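For reference, the structure is listed below as structure tokens.
The model shown is predicted, which means the values in this text are computed figures rather than measured ones.
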Amino acid sequence: MVYRLLFALFAIAQAVILPTPPLSYAQESACLTHVPNFDTTVRIGRGSIDDMALSPDGTQVGVATGTGLWVYDAATWGDIAQFKASVSGVPLSDGVWVTPPAPIPPEISPPDGYVPTTLAWSPDSKQIAAGYYDGVRIWEVGTGQVALILPNLRQVTHVAWSPDGARLAIIHLGNVSPYPDATTYYDIYSLEIASQTLTPVAVGVIRNPDEAVWSPDGTRLLYVSSYGYTPAEEIMDYVPAIGAATIWDSSDGTSRTFTSTNPSGYFNVRQVAWSPDGSTIAIGAIEGENNSRSLVQWWDVASLGLLRQNEEAVKDLQWAGETLFIQADSGVLLVNGDSTSSLSISGGAQQIAVNADATRLFVNSGSQMQTLEIPSGQILATRAAHTSLYFFPAWSQDGQLVALSELSLDRDSVLRQVFIYDLQGQVVNSFDINYGHNGMVWSPDNAMLAVAEYDAVALVTLADNGITRLAVEDVNGLAWSPDNRQLAYITDAGDVTVYTIQTGESQTFAALLDDLAGTATYLNTRLQWTEHGLHWILSARGSIFRVYGPEWETGETVQLAEIGHLKAISLGTAPEFTADGNVIFIPNGGDMTVFDVTANAISATYPTTAEEVRWSSDGACYALMLNGFLWLNHTVTGEELNLMALPVSPVWGLYGGAHWSPTGMHVIFLLDDGTAMIWGVGQD
């Protein structure tokens, strides 16, 4: 079992003198031989994809993610450049180029704390405009310089460059309704780039207009608009029609709206596209009181008349030459006059882009990107470096490898993958696992991984990725015996089963729950194989903690201690034993309770808002996190070893947090952009 550092989240970022828990040993630890300092950074994953855009010359693809802007070669999906984002006010080597041109451009340092959500290429393919939570930036792709910063526009959701390069359309959050339904209103502007002048196009557009597109001559802007919305309708959340399509003329500021053809009034435009000759627009819409129909419509710009429509679910529209490309649930449809063909997309598609001569289709499927040949549908290149989210880090016992569960949008919903990375962030192994698992742990000899799936415990032999599944539901804790011979797992019902690997025999120990408040589904559990044997904790939310162990000879469950009535304990908190099993640190609704198992008594209590408990492998030191600061302490002497600012804001809770390697020399953080980051701990 990996015994990790105590890692807890505090409400205040200040030093607090903590009592020393009564440990029965004092050993040398990696944390005592040096003063930790984060000196290396490895990012695993490139962030989930928010937006993708093909450069007009068809040679580069820009991708906006939580890790920043990525620029890829459109033919090979090879790395060209990255404009990195920053997290929690700490820049993460902004402007690192993967394949730098000559000369090497200077590092880029945008304002801290913001990530791109949308992007658009300039007509000459030399600049990228990106929308952030605080405004717009235009990047020089060839030099890495910021050509323009437009601040004070909160939550920019869409940018679009006019074909002549003179204007930039910008959509951003303008206002949030004070009424209970919290309707959001968006503003649309036209930015004159040369003079940096903003001209209002529409103010107070209901909810989030998905996109805006310039006409081929660059004089008109087609955007998703909204019908009238009275305060009474807003309070009642009753909107007969919230989506339309409007053309704004930049020469005189006038607008024309394409009105609904649905008599019921329920009509919501989601996507818009302009034909290359400027005579026709296409819209993707849903209509009917329950959004029962999905449509693609062609409209004549001069007469505002409806030309034709297809009943088809649509997620994205792209027009190239005479062909309208429709991203639908069934794949991508190619409509050219009366002719319709289709391309199937492996893993589905969230967004598409087509090059100017309609010979290449670029697909964003969430966690990978592909290039397809048109019309054959042959896959020409794939980039599978983006992911949606990582879960459940698990360190190997030697601290050299970390396993991560990856949930990818392009994979079947019942599957996910486990990837094993080295300390340089390189994949050394991977295997499929069933969806819905609840954690994993390495065997002490690093030869196997145990994974708690939704309806089984999977034992994976890493030499050949062979999987043995033990049929059991609702497992939420796993622990290996120190000799690698047995695996223990605990269920939501409070039962603990010990499975012997070589023989396949199992023994179950059940605890009586009648006098624990609440049902089994409200139990917090903790299972750990300590120096003194197998121990586990059961607790009802807001009630008591009990410590149990097995009586091997009789097969009975033995109650070792009871920890009184504590404060409200939220689900997902993680009490943790010291390595010898004699002491438990318990997050306790605003307090940290230190409990002596042998004495069956609380030995100390101090105020925290701890969520997780992390120990070093020998129990000699622990770490606390206080509002972005890491505080490492020695548990025996109480000595404060170091206090440092963290360079990230980890995701906390059941699936996230900070996880230290058994050696205490590395820590992995899960971040809300879908990536994981490993820091090495070095010398000052």
Side-chain angles (χ1 to χ4, degrees), residues 49 51-64 69-81 118-130 141-142 158-165 211 213-218 222 271-278 280-282 284 296 314-328 331-337 339-366 368-384 386:
I49 302 170
D51 196 15
M52 175 189 73
L54 177 68
S55 63
D57 63 8
T59 64
Q60 301 175 92
V61 179
V63 179
L69 285 175
W70 294 83
V71 181
Y72 297 112
D73 184 285
T76 65
W77 289 110
D79 293 329
I80 294 178
T118 182
L119 78 154
W121 287 88
S122 63
D124 61 7
S125 301
K126 295 181 179 180
Q127 295 181 321
I128 295 178
V141 178
H158 184 78
V159 289
W161 221 306
S162 64
D164 58 7
E211 56 187 1
V213 186
W214 289 97
S215 61
D217 62 6
L222 170 66
Q271 297 85 22
V272 292
W274 212 303
S275 66
D277 63 6
T280 308
I281 67 166
V296 180
V314 57
K315 298 178 181 178
D316 197 9
L317 296 171
Q318 294 279 316
W319 215 314
E322 299 298 320
T323 303
L324 178 65
F325 291 77
I326 304 171
Q327 180 197 334
V332 177
L333 301 180
L334 288 67
V335 181
N336 189 332
S339 174
T340 300
S341 59
S342 63
L343 293 175
S344 61
I345 307 297
S346 174
Q350 295 186 13
Q351 186 182 10
I352 59 174
V354 185
N355 63 354
D357 59 5
T359 59
R360 297 290 184 270
L361 176 69
F362 299 83
V363 178
N364 161 23
S365 62
Q368 73 173 7
M369 294 171 291
Q370 293 180 329
T371 310
L372 279 71
E373 183 182 55
I374 301 173
S376 70
Q378 178 185 353
I379 298 175
L380 302 177
T382 299
R383 180 89 207 197
H386 291 270

What pair of heavy atoms forms the shortest contact from [X] to [Y], and how long is it?
{"X": "Trp319", "Y": "Ala282", "value": "CZ3-CB, 3.6 Å"}
{"X": "Ala381", "Y": "Ala75", "value": "CB-O, 3.6 Å"}
{"X": "Thr118", "Y": "Val159", "value": "OG1-N, 3.7 Å"}
{"X": "Gly284", "Y": "Val314", "value": "CA-CG1, 3.5 Å"}
{"X": "Ser125", "Y": "Pro56", "value": "OG-CD, 3.2 Å"}
{"X": "Trp214", "Y": "Pro163", "value": "CB-CD, 3.7 Å"}

Using modelled atom types and a 3.5 Å cut-off, is there a donor and acceptor pairing between side-chain atoms of [X] and backbone atoms of [Y]?
{"X": "Trp121", "Y": "Ala53", "answer": "yes"}
{"X": "Glu373", "Y": "Arg360", "answer": "no"}
{"X": "Asp316", "Y": "Ile352", "answer": "yes"}
{"X": "Ser342", "Y": "Val332", "answer": "no"}

*Does the pair Lys126/Asp57 count as a salt bridge with the N-to-O cut at 4.0 Å?*
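No, this pair does not count.
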If you measure from [atom1] on [X] to [atom2] on [Y], what distance do you get to the nearest 0.5 Å?
{"X": "Ile374", "Y": "Leu343", "atom1": "CD1", "atom2": "CG", "result": "6.5 Å"}
{"X": "Asp51", "Y": "Leu69", "atom1": "CG", "atom2": "CG", "result": "9.5 Å"}
{"X": "Leu372", "Y": "Gln378", "atom1": "CG", "atom2": "CD", "result": "9.0 Å"}
{"X": "Gln370", "Y": "Arg383", "atom1": "CD", "atom2": "CZ", "result": "13.5 Å"}
{"X": "Gln318", "Y": "Leu54", "atom1": "CD", "atom2": "CG", "result": "8.5 Å"}
{"X": "Met52", "Y": "Gln351", "atom1": "CE", "atom2": "CD", "result": "4.5 Å"}

_Exactly one of Ile80, Asp79, Val61, Leu119 should register a side-chain contact (heavy atoms from CB on, under 4.5 Å) with Val71. Which one does?_
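Exactly one candidate clears the test, Ile80.
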*Indicate whether any N or O donor in one side chain lies under 3.5 Å from an N or O acceptor in the other, for Thr371 and Trp77.*
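Thr371 vs Trp77: donor-acceptor pair found between side chains.
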*Just jot down the side-chain contact (heavy atoms from CB on, under 4.5 Å) partners of Ser122, sequence neighbours excluded, or say none.*
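For Ser122, the residues satisfying side-chain contact (heavy atoms from CB on, under 4.5 Å) (neighbours in sequence not counted) are Asp124, Gln127, Trp161.
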*Who passes side-chain contact (heavy atoms from CB on, under 4.5 Å) against Glu322, sequence neighbours left out?*
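Glu322 satisfies side-chain contact (heavy atoms from CB on, under 4.5 Å) with Asn336 once adjacent residues are dropped.
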*Test side chain to side chain contact (heavy atoms under 4.5 Å, CB included) on Val335 and Ile326 and set out the steps.*
CA-CA 8 Å; Val335 181; Ile326 304 171; 3.8 Å; yes
*Evaluate side chain to side chain contact (heavy atoms under 4.5 Å, CB included) for Gln60 paired with Tyr72, printing each intermediate quantity in order.*
CA-CA 6 Å; Gln60 301 175 92; Tyr72 297 112; over 6 Å; no
*Do Pro276 and Pro216 have side-chain heavy atoms sitting under 4.5 Å apart?*
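Contact flag for Pro276/Pro216 side chains = no.
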_Derivation of the side chain to side chain contact (heavy atoms under 4.5 Å, CB included) call for Leu317 and Phe325_ = CA-CA 6 Å; Leu317 296 171; Phe325 291 77; over 6 Å; no
*Listed partners of Asp73 passing salt bridge (Lys or Arg N to Asp or Glu O under 4.0 Å), at least two apart*: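 Partners of Asp73 under the salt bridge (Lys or Arg N to Asp or Glu O under 4.0 Å) test: none.
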*Tell me, with the steps shown, if Val272 and Glu211 meet side chain to side chain contact (heavy atoms under 4.5 Å, CB included).*
CA-CA 7 Å; Val272 292; Glu211 56 187 1; 3.8 Å; yes
